[in-house]
Amino acid sequence: MVSLTADLSPLRPDRNLALELVRATEAAAIRAVPFIGRGAKEEADGAAVDAMRAFLGTVHFQGRVVIGEGEKDNAPMLFNGEVVGTGRGPECDIAVDPIDGTSLTAAGRQNALSVLAVSDRGSMLDASSVFYMDKLVTGPAGVGVVDIRLPIGENIRRLAAALGKPVDEIVVSVLNRPRHEKLIEEIREAGAGTRLMSDGDVAGGINAARHGARTDMCVGIGGSPEGIVTACAIKALGGHIQGKLWPRDDEERQRGVDAGLDIDKVYEADDLVKGNNTIFVATGVTDGQLVGGVRREGDYLYTESVVLRGASGTLRRISSEHLVSKWL
């Protein structure tokens, strides 16, 4: 197997895979602009998928989509198992989410992102047969301190002690869903505050793990694909992530078992993505805590992106200026 590190070494700065991938998320975010706030989430997603796939085709790598837009019969582009790239360079697993937050985009709300994650071939968990996953994400202070098997109140108290702050200053992000009513109540009973997210599972996890962010923990049941994507970012941030699959019914549970997944297992970071040779890139579609959204001023479009590399433990911000005439 060819390691990603070969293409990311200082000897080959023109082949920096992480920076090449940003072009794909920028393209997807820009193509979604005409649909922001228009109530057309399928059209926004379709435009972003087309743009991301076109740019991935120019990247010098052999990428296999482990987490994509679905099975081949339901998604003509960026489907699970599709091979993308020029066919030269490192062999990689990739996870794509051309728009994490299509509903946010359609409504013109914050925290919609275009996202890509990459790791060495064979290192990403394929959890596509079970759509949901219960997750716990924190920053570095939570490593070896919190555990998804413990009651949420206990985890809050442990994290507060590790951070050296009162419990009433802890803020926990949770998707605002009926299934989380009891969880939200328990968080508040423990004395912590909540930040309820309408969507944006990936951004919520990263913001909880990021240094200096406004939230301390992200918990609850969201997409299992988003869990794998988030794990790639957490590797670079030195944070904590655990996940447990959450099948919706017996049929989905059996599909997971047939696919070789352990439904009762608590998946640690290295179970979700093996090793630290990970790359996570995201470009803002709409404004959010992690990055700003696409902004148009006259003849120019402005994008903001983040690039996180597990191998080096770095987070880089990239601000780009694009001619409108080339895009829209």
Please name the pair of heavy atoms, one in [X] and one in [Y], separated by the smallest distance, quoted to 0.1 Å.
{"X": "Ala160", "Y": "Val167", "value": "CB-CG2, 3.9 Å"}
{"X": "Ile67", "Y": "Leu125", "value": "CD1-O, 4.4 Å"}
{"X": "Gly222", "Y": "Leu175", "value": "CA-CD1, 4.0 Å"}
{"X": "Pro90", "Y": "Leu17", "value": "CG-CD2, 4.3 Å"}
{"X": "Val273", "Y": "Ala231", "value": "CG2-CB, 4.0 Å"}
{"X": "Val229", "Y": "Ala95", "value": "CG2-CB, 3.6 Å"}

Would you indicate whether the side-chain heavy atoms of [Y] and [X] approach each other to under 4.5 Å?
{"X": "Leu159", "Y": "Met217", "result": "yes"}
{"X": "Ser198", "Y": "Leu104", "result": "yes"}
{"X": "Ser305", "Y": "Glu26", "result": "yes"}
{"X": "Ser119", "Y": "Thr278", "result": "yes"}
{"X": "His240", "Y": "Ile234", "result": "no"}
{"X": "Val291", "Y": "Arg317", "result": "yes"}
{"X": "Val66", "Y": "Ile228", "result": "no"}

With distance as the sole test, does [X] use its side chain to make a donor-acceptor pair with the main-chain N or O of [Y] at under 3.5 Å?
{"X": "Thr283", "Y": "Glu304", "value": "no"}
{"X": "Arg296", "Y": "Gly298", "value": "yes"}
{"X": "Asp287", "Y": "Gly293", "value": "yes"}
{"X": "Asp201", "Y": "Gly223", "value": "yes"}
{"X": "Thr58", "Y": "Ala54", "value": "no"}
{"X": "Asn80", "Y": "Gly68", "value": "yes"}
{"X": "Tyr267", "Y": "Leu245", "value": "no"}
{"X": "Arg31", "Y": "Ala44", "value": "no"}
{"X": "Ser224", "Y": "Phe131", "value": "yes"}
{"X": "Arg253", "Y": "Pro247", "value": "no"}

Going from [atom1] on [X] to [atom2] on [Y], what distance comes out if it is rounded to the nearest 0.5 angstrom?
{"X": "Ile148", "Y": "Lys244", "atom1": "CD1", "atom2": "NZ", "answer": "8.0 Å"}
{"X": "Asp199", "Y": "Arg109", "atom1": "CG", "atom2": "CZ", "answer": "6.5 Å"}
{"X": "Thr286", "Y": "Leu113", "atom1": "OG1", "atom2": "CG", "answer": "7.5 Å"}
{"X": "Asn207", "Y": "Asn111", "atom1": "CG", "atom2": "CG", "answer": "7.0 Å"}
{"X": "Asp126", "Y": "Leu261", "atom1": "CG", "atom2": "CG", "answer": "7.5 Å"}
{"X": "Lys41", "Y": "Ile36", "atom1": "NZ", "atom2": "CD1", "answer": "16.0 Å"}

Problem set entry | Under 3.5 Å side-chain donor-acceptor pair for Asp250 and Gln254 | no
Exercise. Any luck finding a side-chain donor-acceptor pair between Thr86 and His60 under 3.5 Å?
Worked result: yes
Going hydrophobic residue to hydrophobic residue with side-chain gaps under 4.5 angstrom, can you get from [X] over to [Y]?
{"X": "Leu315", "Y": "Ile318", "result": "no"}
{"X": "Ile241", "Y": "Val130", "result": "yes"}
{"X": "Trp246", "Y": "Ile184", "result": "no"}
{"X": "Met124", "Y": "Leu272", "result": "yes"}
{"X": "Val118", "Y": "Val115", "result": "no"}

For this session: Dump the intermediate steps for side-chain contact (heavy atoms from CB on, under 4.5 Å) on Leu21 and Leu56, then the final yes or no.
Result: CA-CA 7 Å; Leu21 293 171; Leu56 283 176; 3.9 Å; yes
Exercise. Does the side-chain contact (heavy atoms from CB on, under 4.5 Å) test come out yes or no for Phe280 and Leu116, once each step is laid out?
Worked result: CA-CA 6 Å; Phe280 171 93; Leu116 268 172; over 6 Å; no
For this session: Pick out which of Val96, Val59, Leu78 makes a side chain to side chain contact (heavy atoms under 4.5 Å, CB included) with Val84.
Result: Leu78
Problem set entry | Candidate list Val171, Thr194, Thr138, test side chain to side chain contact (heavy atoms under 4.5 Å, CB included), partner Thr215, passing option | Val171
For this session: Evaluate the side-chain contact (heavy atoms from CB on, under 4.5 Å) criterion for residues Leu290 and Val306: first the C-alpha distance (whole Å), next the side-chain angles of each, then the deciding distance (0.1 Å), finally the verdict.
Result: CA-CA 8 Å; Leu290 184 62; Val306 289; 4.2 Å; yes
Please name all residues satisfying salt bridge (charged side-chain N to carboxylate O under 4.0 Å, His left out) with [X], sequence neighbours left out, ordered by chain then number.
{"X": "Arg316", "result": "none"}
{"X": "Arg157", "result": "Glu154"}
{"X": "Arg149", "result": "Asp147, Glu268"}
{"X": "Asp270", "result": "Lys235"}

Quick check: are there more than 12 heavy atoms from other residues, nucleotides or ligands sitting under 6.0 Å from [atom1] of [X]?
{"X": "Arg38", "atom1": "CZ", "value": "no"}
{"X": "Tyr302", "atom1": "OH", "value": "yes"}
{"X": "Arg214", "atom1": "CZ", "value": "no"}

Problem set entry | Partner residues of Pro34 under the side chain to side chain contact (heavy atoms under 4.5 Å, CB included) criterion, sequence neighbours left out | Leu328
Problem set entry | Working for side-chain contact (heavy atoms from CB on, under 4.5 Å), residues Glu169 and Leu163 | CA-CA 10 Å; Glu169 291 184 12; Leu163 290 169; over 6 Å; no
For this session: Name the orientation class of the two ring planes belonging to Trp327 and His322 (parallel below 30°, tilted from 30 to 60°, perpendicular beyond 60°).
Result: perpendicular
Exercise. Which residues pass the side-chain hydrogen bond (donor to acceptor under 3.5 Å, both in side chains) test with Arg64, sequence neighbours left out?
Worked result: Asp93
Problem set entry | Asp299 bridged to Lys326 by N-O distance under 4.0 Å | no
